[in-house]
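Data block below; observations after.
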Amino acid sequence: MKKLILLMSFILFTVFSFSQDPFCETVVIQGQSSVKQTPELVAFFIEFTVLDTNFEQCANLALQKIESVKSQFIENDLEEELVKTINYSISVENRHDSRSGQQIFIGYRAHIPLSIKTNVSDPNASKIFELIKSNFKSNFRINFELSENQIENIKEKLIELAVQDATSKAEILAENLNVKLGRISKIQYGDPQMVRDFTRSNYNLISSVQLMSEVIKADINTLTPVEIEMRTSVMLAWEIIY
């Protein structure tokens, strides 16, 4: 019964996707995969804001905030080079006056987000965590991140598993149709907007790999990494041999 349902679903799918052809000569399958990985990196983010009516004073106060963090790293025998400024911006801040209907100048606000990134296994990671938590508790957050090597390895694994998944499904359909799979005529990593577009003769053979990540949300009170799940999909088209 399951095989019959699977076969009927495939026939309906191919009639819709290849309605211009006298008979279906292609099998199109989407394969999916997911890989879970424990991140190797921990990233601390600290964000300061400074407000002053004088632009130069605002800029100086912002720089003092950065130096205060670096000074504490030096005092605790930590590398100050770990403290990175993600970006640095100063904007005009106004408030709306309901009586006059105009914007009233309040001052210049500087936004100073800092990041400190290190390996979770680094002996100083816990020391950095305690230092930031003690001094900047209301202004910081933590992310666990995959290293570049981890990402590259996961990409290869995801593609391999997604292709295996698509191939397995295609073989099931071929067996039900009593045909053989020929060469792969098209392949695309990621979801095409429409299967009909994917089957066009001038469709690109390969497009960029698209990865999606999901992080389990949790309050981070320790330096225990949260497992990350990476997913991708692949569309493959096989020629049918009768």
Side-chain angles (χ1 to χ4, degrees), residues 27-47 69 73 78-88 113-129 132 140-172 181 183-195 197-200 202-238:
V27 171
V28 178
I29 297 292
Q30 182 180 43
Q32 296 178 318
S33 63
S34 67
V35 174
K36 292 183 178 180
Q37 184 76 56
T38 301
E40 292 180 344
L41 302 178
V42 56
F44 304 91
F45 298 94
I46 309 171
E47 183 155 2
V69 177
F73 267 60
L78 297 169
E79 297 179 22
E80 63 172 308
E81 290 77 15
L82 290 174
V83 181
K84 307 291 184 182
T85 305
I86 303 172
N87 54 58
Y88 182 99
L114 305 178
S115 72
I116 300 98
K117 188 177 295 186
T118 188
N119 198 293
V120 176
S121 61
D122 183 349
N124 286 324
S126 296
K127 194 173 182 179
I128 294 172
F129 180 47
I132 295 175
F140 90 99
R141 60 187 174 86
I142 301 176
N143 283 348
F144 292 110
E145 302 176 0
L146 300 174
S147 65
E148 291 185 7
N149 286 338
Q150 284 184 300
I151 292 173
E152 288 304 314
N153 292 335
I154 287 175
K155 281 183 179 180
E156 292 181 9
K157 189 64 176 178
L158 282 172
I159 293 171
E160 178 185 346
L161 292 175
V163 170
Q164 288 178 5
D165 181 53
T167 302
S168 176
K169 292 173 181 175
E171 289 173 348
I172 292 173
L181 297 176
R183 70 181 184 89
I184 295 176
S185 58
K186 292 181 184 292
I187 179 170
Q188 182 202 0
Y189 302 109
D191 296 311
Q193 293 182 351
M194 291 185 62
V195 173
D197 291 337
F198 173 75
T199 61
R200 292 183 307 182
N202 62 345
Y203 197 87
N204 291 335
L205 179 64
I206 297 178
S207 64
S208 60
V209 179
Q210 299 173 353
L211 300 178
M212 297 180 293
S213 66
E214 292 185 355
V215 182
I216 301 173
K217 302 297 181 182
D219 293 329
I220 300 176
N221 297 313
T222 66
L223 288 184
T224 303
V226 179
E227 193 173 55
I228 293 177
E229 182 178 12
M230 304 294 289
R231 298 177 179 179
T232 197
S233 61
V234 60
M235 293 289 293
L236 289 98
W238 284 266

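We use all heavy atoms of the structure for the numbers below, so side chains are in, but hydrogens, waters and symmetry mates are not.
Of all heavy-atom pairs spanning W238 and A170, the tightest one is CZ3-CB, 3.5 Å. Contact between T224 and F144 at its shortest, heavy atoms only, is O-CE1, 3.3 Å. P113 approaches N87 most closely through the heavy-atom pair CD-O, 3.1 Å. In terms of heavy-atom proximity, Q32 sits nearest to D165 at N-OD2, 2.8 Å.
Evaluated for a side chain to side chain contact (heavy atoms under 4.5 Å, CB included) with E152, the options E156, K155, Q150, E148 yield exactly one hit, K155.
Rounded to the nearest 0.5 angstrom, I159 CD1 and I154 CD1 are separated by 12.0 Å. Here T232 contributes atom OG1 and K157 contributes atom NZ; the two are 14.5 Å apart, rounded to the nearest 0.5 Å. In this structure, the separation between CD1 on I184 and CG on L236 is 5.0 Å, given to the nearest 0.5 Å. Once rounded to the nearest 0.5 Å, the distance linking CD of E145 with CD1 of I151 reads 8.5 Å. One finds the CG atom of L78 at 10.0 Å from the CD1 atom of I116 (value rounded to the nearest 0.5 Å). A distance of 8.0 Å separates CE of M235 from CD1 of I29, quoted to the nearest 0.5 Å.
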All N/O donor-acceptor pairs, side-chain side in residues 33-45, below 3.5 Å, sequence neighbours left out:
residue : atom : partner : partner atom : Å
S33     : OG   : L158    : O            : 2.8
S34     : OG   : E229    : OE2          : 3.4
E40     : OE1  : S147    : OG           : 2.9

Determine all donor-acceptor pairs shorter than 3.5 Å in which one atom belongs to a side chain in residues 119-126; sequence neighbours excluded.
residue : atom : partner : partner atom : Å
N119    : OD1  : S121    : N            : 3.0
N119    : OD1  : S121    : OG           : 2.7
D122    : OD1  : N124    : N            : 2.9
D122    : OD2  : T118    : OG1          : 2.8

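Enclosure of atom CD in E160 by more than 12 non-hydrogen atoms of other residues, nucleotides or ligands within 6.0 angstrom is indicated. Under a cut-off of 6.0 angstrom, the local environment of NZ in K169 is crowded, with over 12 non-hydrogen atoms contributed by other residues, nucleotides or ligands.
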